[in-house]
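Hydrogens, waters and symmetry mates are skipped; everything else that's a heavy atom, side chains included, is used.
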Amino acid sequence: MRRKYLILLALAFFIAMTTCLYCATFADLSFCMKICFGVASVIFYVLINLIPYFVMRHKGADLSLSAYLKTYINEIISKD
């Protein structure tokens with residue numbers, strides 16, 4: 001049940017992010033609204049990548065956010 005909840009959460013964040021990106025790119029809105037939708041899509045993108053951190057914190061791992069981000073960034077850099 002927990003895995004199903006996390007998948008639905010990630011899917012909801014992804015749908016919200018793509019909707020914000022669509023509105024920021026193609027909608028007939030003012031420039032300020034396009035900036036707001038762009039910022040919202042960046043926030044959703046960050047939240048999608050922080051889901052594993054919140055899961056580890058929920059399981060009781062004593063991991064700081066800065067340590068998690070440092071290992072996450074190192075993994076991304078080393079994959080290239």
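- Looking at heavy atoms from C-beta onward, Leu29 lies in side-chain contact with Phe37 at the 4.5 angstrom threshold.
- Note: Tyr53 OH to Thr71 OG1 = 11.0 Å, rounded to the nearest 0.5 Å.
- Taking CZ of Arg2 as the reference point, atom NZ of Lys59 lies at 8.5 Å (rounded to 0.5 Å).
- Separation of atoms CG (Leu21) and CZ (Phe44) is listed at 11.0 Å; rounding is to 0.5 Å.
- Distance check: Asp28 CG to Cys23 SG gives 11.5 Å after rounding to the nearest 0.5 Å.
- Side-chain atoms of Ser41 come within 3.5 Å of backbone atoms of Gly38 as a donor-acceptor pair (strictly under, hydrogens ignored).
- A donor-acceptor distance shorter than 3.5 angstrom exists from the side chain of Lys34 to the backbone of Ala27, with no hydrogens or angles considered.
- Residues forming a ring-ring contact (aromatic ring centres under 6.0 Å, His included) with Phe31 (at least two apart in sequence, or on another chain): none.
- More than 12 non-hydrogen atoms from other residues, nucleotides or ligands lie less than 6.0 angstrom from CG of Asn74.
- Nearest heavy-atom pair, Ile15 versus Thr18, reported as atom, atom and distance to 0.1 Å: O-OG1, 2.9 Å.
- Criterion: ILVMFWY side-chain heavy atoms under 4.5 Å apart, direct or through other members. Under it, Ile48 and Ile7 are not part of a common hydrophobic cluster.
- Under a hydrophobic clustering in which Ile, Leu, Val, Met, Phe, Trp and Tyr are joined whenever their side-chain heavy atoms come within less than 4.5 Å, directly or via other members, Val55 and Leu8 fall into different clusters.
- When side chains are defined from C-beta on, Ile51 counts as touching Phe13, because their heavy atoms get closer than 4.5 Å.
- Heavy-atom contacts from other residues, nucleotides or ligands closer than 6.0 Å to OH of Tyr68 number more than 12.
- Follow the hydrophobic side-chain contacts under 4.5 Å out from Tyr22 and you never reach Tyr45; the two are in separate clusters.
- Tyr72 meets the side-chain hydrogen bond (donor to acceptor under 3.5 Å, both in side chains) test with Asn49; sequence neighbours excluded.
- Among residues two or more places apart in sequence or in another chain, the side chain to side chain contact (heavy atoms under 4.5 Å, CB included) test is passed with Ala12 by none.
- Counting only heavy atoms from C-beta outward, the side chains of Leu50 and Leu65 approach each other to under 4.5 Å.
- Val39 and Phe14 end up in the same hydrophobic cluster when Ile, Leu, Val, Met, Phe, Trp and Tyr side chains are linked at under 4.5 Å.
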